[in-house]
Amino acid sequence: MSLVASEVEVEAAVDPAASKRVLGACPHDCPDTCSFVTTVQEGVAVKLQGNPEHRHTAGALCTKVSRYIERNDHPERLVQPLRRSGPKGSGRFEPVSWDVALDDIAARLGALQREDPESILPYSYAGTMGLVQGESMDRRFFHKLGASLLDRTICSSAGGEGLGYTLGGKVGMRVEFFAEAKLILIWGSNSIGSNLHFWRHALAARRAGARLVCIDPRKSETADKCDEHIALLPGTDGALAFGLMHQLIVNDWLDHDYIARYTLGWEALRERALQWPPARVAAVCGIPEQQVIDLARAYGTTRPAAIRLNYGMQRVRGGGNATRAVACLPALVGAWRQRAGGLLMSSSGQFPVRRAAVQRPDLLAGRLPRTINMSAIGDALLDRVRPVKAVVVYNSNPVAVAPDSAKVVAGFEREDLFTVVLEQFQTDTADLADYVLPATTQLEHWDIHASYGHTDVLLNRPAVAPRGEAHSNSWIFRELARRMGFDEPCFSDDDETLCRTAFAPEAVDFDELLAKGFATLKLPEAPYAEGNFPTPSGLCEFFSARLAAQGVDGLPDHVPNYEPAGSSTDFPLAMISPPARNFLNSSFVNVRSLRAIEVEPLLEIHAEDAAPRGIVDGATVRIFNQRGEYRCRAEVSPRARPGVVNGLGIWWRKLGIDGTNVNQLTSQRLTDIGRGPTFYDCLVEVEAVAS
Ligand SMILES: Nc1nc2c(c(=O)[nH]1)N[C@H]1C(S)=C(S)[C@@H](COP(=O)(O)OP(=O)(O)OC[C@H]3O[C@@H](n4cnc5c(=O)[nH]c(N)nc54)[C@H](O)[C@@H]3O)O[C@H]1N2
Ligand SMILES: Nc1nc2c(c(=O)[nH]1)N[C@H]1C(S)=C(S)[C@@H](COP(=O)(O)OP(=O)(O)OC[C@H]3O[C@@H](n4cnc5c(=O)[nH]c(N)nc54)[C@H](O)[C@@H]3O)O[C@H]1N2
Ligand SMILES: [Mo]
């Protein structure tokens with residue numbers, strides 16, 4: 001395993017007498033939320049290391065974040081406010097003072113507010129996961145303004161809501177107990193690439209005799225290291241889950257006592273599962289029948305059995321239902337009885353964050369603005385009925401990461417759209433802005449963090465002064481609020497106050513955070529050993545009355561993709577676009593040492609699909625469908641299964657081969673539950689082009 005343990009980034013001679021060590025937290029959108037220590041000498045960050053005192057970080061950082069100083073000190077950091085000086089998208093900007101920028105932005109937003117506040121849209125995601133720089137003063141500002149609300153669906157809402165219907169929330173096993181499991185299903189997750197600190201526990205379990213099974217269309221780095229790889233077709237996870245249930249039932253590998261006491265809807269689920277014999281599952285999933293049978297036997301007969309479900313399997317039409325189906329499995333075998341059994345998709349629901357105090361939705365004062373789905377931002381910006389007239393983007397790079405880029409770009413290119421982008425770098429989105437405001441990094445501001453992969457709270461203290469004239473998001477929204485005459489005292493809260501507001505003192509001891517950088521939530525070891533699920537019934541809800549009340553199926557089902565593999569002769573290949581290991585969504589693409597590892601945008605294609613198309617390894621290919629086209633380099637690779645191609649990573653468009661990226665091909669269609677994006681539900685054709 002390549003944990004970059006305690007890597008020294010800057011080879012400076014660190015003088016211990018003159019240097020200080022500052023405790024921080026990794027801000028990135030990753031389940032691991034590491035604790036790190038920055039060594040600062042004469043005001044300069046010279047070393048960044050994983051905190052050895054924090055048991056989840058265990059002194060080790062990933063390759064990306066061990067380069068955080070390189071990112072922080074990058075020569076292309078934005079260091080002053082910029083105002084557009086050429087046509088939209090021309091890339092021409094001129095520096096202006098903060099006063100000029102903020103006065104003008106406040107005046108323009110103020111004018112729109114008087115006309116129709118809902119013509120203003122905030123667009124943000126998890127560029128930082130911090131509760132302060134991610135979702136505090138900004139929310140207060142837009143609530144007071146009465147701006148359109150943003151439905152933040154782009155990552156996890158299908159799986160998150162699906163899990164919520166079955167288990168009651170984003171809750172599950174404690175990650176550390178995976179080390180004690182005897183069987184681990186790593187389902188829709190490339191843990192080595194995107195959840196490295198979980199992988200550590202999986203390896204510990206393996207050393208103690210556990211079997212690891214990876215369920216993923218791609219033969220990922222993680223699949224390489226597992227005992228078995230089940231390379232199902234994208235979007236067929238629900239069918240596989242039902243196949244496992246079928247076998248658990250016919251072989252009576254069930255915990256009848258657990259089912260009777262702690263679940264709801266068993267008879268109905270049983271009837272549905274019996275419609276999924278292994279042969280049918282094998283045909284739908286595109287895998288050998290024996291694999292279904294063997295996996296069911298392992299799951300039905302091994303204790304403790306744990307499932308690490310990740311978001312990779314829910315970015316398809318049926319993502320919500322598939323999550324619900326998988327979430328039924330632990331209850332059927334009573335896996336929850338043991339602390340090393342059960343399932344973990346996200347732990348974020350375990351944190352008692354005082355969101356209302358931090359975000360102040362009461363500032364809406366009874367108004368209920370319209371909600372715009374971030375996963376369909378292209379259509380939203382092109383909608384002429386009730387147009388968005390201003391968009392304020394922060395902690396996100398929608399032009400690169402949102403689906404159906406042609407429409408996203410056309411939307412942001414609108415001459416009549418007023419766009420403000422708060423950024424650390426000149427991203428594809430910043431290129432289309434009217435104002436670009438330089439934002440601080442995690443080494444330069446305060447923040448407090450929950451996690452979606454463990455159950456500790458982390459505090460981040462600033463280690464160095466902001467670069468140039470950069471300011472934190474919270475500062476920028478505070479200043480805009482002042483200029484717009486928002487005089488509620490909450491607009492004066494400083495960042496440390498916001499950090500202290502995030503958790504009640506009974507839940508998290510702030511002094512402990514100040515001293516150690518982290519604090520562990522007090523939680524039971526096997527929370528669902530005796531039911532107590534946070535659902536309305538307190539049971540694991542195979543059948544959800546809440547869903548039935550919405551007029552949809554109360555039971556999970558296998559919902560096929562919008563664009564199932566093999567369903568189109570024009571576009572015969574299914575494309576998934578999972579993360580590149582050395583990037584974090586579109587972050588780090590501009591960090592040279594990391595881009596040097598990834599080299600260039602890549603499409604993995606199986607030899608059986610490459611040969612008839614005359615595609616050789618290393619060839620430039622054109623990937624296309626009804627939404628667009630995109631060029632990159634082909635890698636003829638066993639990492640791709642026949643019929644499925646893997647377009648890795650979200651490259652900055654301008655750093656790709658032809659000024660586009662993989663999202664030129666993805667669609668804005670939404671998931672069955674949670675209104676999420678369907679990035680991995682995408683048919684394409686591929687052809688070799690003369691390079
Ligand atoms: N290095 C790195 N780490 C990251 C990220 C990154 O970009 N780079 N992204 C972060 C973010 S935003 C998130 S949300 C998290 C989790 O992010 P996820 O998107 O869950 O990332 P992965 O763990 O890579 O898991 C995706 C895996 O699911 C597989 N997959 C694709 N379609 C299907 C399917 O239909 N069924 C199944 N079973 N598998 C499928 C992919 O091949 C891939 O290996 O990771 C975070 N960590
Ligand atoms: N095709 C395809 N598309 C995908 C995915 C996929 O697997 N395939 N994954 C999807 C997923 S899971 C997600 S979560 C989204 C992620 O999409 P985004 O949330 O947009 O994530 P990033 O691309 O990392 O962009 C975050 C930006 O925030 C900036 N930033 C970081 N910290 C700060 C700060 O403190 N202040 C300000 N102002 N800016 C800051 C960074 O410089 C960076 O440019 O992408 C989605 N898009
Ligand atoms: Mo994500």
Side-chain angles (χ1 to χ4, degrees), residues 27-32 62-64 71 78 123-130 133-134 154-156 159 186-196 214-223 230-237 240 309-316 318-319 322 326 346 374-375 393-398 400-403 421-425 427-430 437-442 444-445 447 452-453 470 472-473 476 561 574-590 639 644 646-650 652 661-663 665-666 677 679-682:
H28 286 291
D29 189 350
C30 166
D32 293 15
C62 68
T63 326
K64 306 173 293 298
R71 185 173 186 274
L78 293 166
Y123 194 100
S124 74
Y125 203 62
T128 166
M129 302 273 302
Q133 305 308 338
I154 203 156
C155 170
S156 63
I186 301 180
W187 199 322
S189 170
N190 181 10
S191 313
I192 293 179
S194 66
N195 190 188
L196 194 55
C214 179
I215 304 172
D216 192 318
R218 175 172 186 251
K219 189 166 184 295
S220 64
E221 299 88 331
T222 308
I230 300 184
L232 78 185
L233 289 166
T236 62
D237 301 273
L240 180 59
L309 198 59
N310 209 343
Y311 290 112
M313 46 72 70
Q314 47 102 66
R315 306 194 202 292
V316 291
V326 176
S346 167
M374 71 185 306
S375 299
V393 180
Y394 52 102
N395 302 339
S396 185
N397 183 11
V401 308
V421 176
L422 285 58
E423 251 301 347
Q424 297 160 343
F425 293 102
T427 58
D428 291 325
T429 307
L437 303 178
T440 45
T441 69
Q442 193 76 344
E444 302 165 345
H445 56 224
D447 220 324
Y452 64 100
S472 66
N473 294 343
I476 295 169
N561 279 4
M575 185 189 76
I576 57 172
S577 46
R581 183 169 174 183
N582 296 289
F583 301 149
L584 197 293
N585 300 319
S586 80
S587 297
F588 294 97
V589 179
N590 63 328
R639 293 212 182 278
V644 182
N646 313 321
L648 296 185
I650 318 175
W652 283 18
N661 72 14
V662 75
N663 279 321
L665 304 164
T666 54
F679 292 113
Y680 304 168
D681 186 339
C682 177

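Order of listing sets the numbers, starting from 1, for every ligand and every atom in it.
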Looking only at side chains, do [X] and [Y] share a donor and an acceptor under 3.5 Å apart?
X      : Y      : result
Tyr452 : Asp29  : yes
Ser124 : Asn395 : no
Thr440 : His445 : yes

Could you establish whether Ile476 and ligand 2 come within less than 4.0 Å of each other, counting only heavy atoms on the residue side?
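In this structure, Ile476 fails to qualify as a contact of ligand 2 - no heavy atom is under 4.0 Å.
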Evaluate the side-chain proximity of Gln133 to Pro27: yes if any heavy-atom separation is below 4.5 Å, no if none is.
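Side chain of Pro27 against side chain of Gln133, heavy atoms only: no contact under 4.5 Å found.
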Hey, are the side chains of Asn190 and Pro579 touching, using non-hydrogen atoms and a 4.5 Å cut-off?
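Side-chain contact under 4.5 Å: no.
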May I ask you to decide if [Y]'s main-chain N or O and [X]'s side chain share a donor-acceptor pair within less than 3.5 Å?
X      : Y      : value
Asp32  : Leu196 : yes
Arg71  : Asn590 : no
Asp216 : Arg218 : yes
Thr222 : Ile192 : yes

Atoms of ligand 2 less than 4.0 Å from [X] heavy atoms?
X      : value
Asn663 : 1 (N), 2 (C), 3 (N)
Ala439 : 36 (N), 37 (C), 38 (N)
Gly127 : 26 (C), 28 (O), 31 (C), 32 (N)
His445 : 35 (O)
Asn397 : 20 (O), 25 (O)
Val662 : 1 (N)
Thr427 : 44 (O)

Please assess Trp187 against Ile230 for the test side chain to side chain contact (heavy atoms under 4.5 Å, CB included), listing each intermediate value before the final yes or no.
CA-CA 9 Å; Trp187 199 322; Ile230 300 184; over 6 Å; no
Under 3.5 Å, N or O to N or O, is [X] touching ligand 2 that way?
X      : value
Gln424 : yes
Arg71  : yes
Ser396 : yes
Leu422 : yes

Tell me the closest heavy-atom pair linking Ala400 and Ile650, and the distance in Å.
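Ala400 and Ile650 have their closest heavy atoms at O-CG2, 3.3 Å.
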Could you tell me which non-hydrogen atom of His28 sits nearest to which non-hydrogen atom of Gly127, and how far apart they are?
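The pair with the smallest heavy-atom distance is ND1-O, 3.9 Å.
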Side chain, backbone, both or neither: which applies to Asn473 and ligand 2 if a contact is any heavy-atom pair less than 4.0 Å apart?
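Answer for Asn473: side chain.
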Which protein residues have a heavy atom under 4.0 Å from ligand 1?
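Residues within 4.0 Å of ligand 1: Asp29, Cys30, Pro31, Lys64, Cys155, Trp187, Gly188, Ser189, Asn190, Gly193, Ser194, Ile215, Asp216, Pro217, Arg218, Leu232, Pro234, Gly235, Asp237, Asn310, Tyr311, Gly312, Met313, Arg315, Tyr452, Ile576, Pro578, Pro579, Ala580, Arg581, Phe583, Leu584, Asn585, Tyr680.
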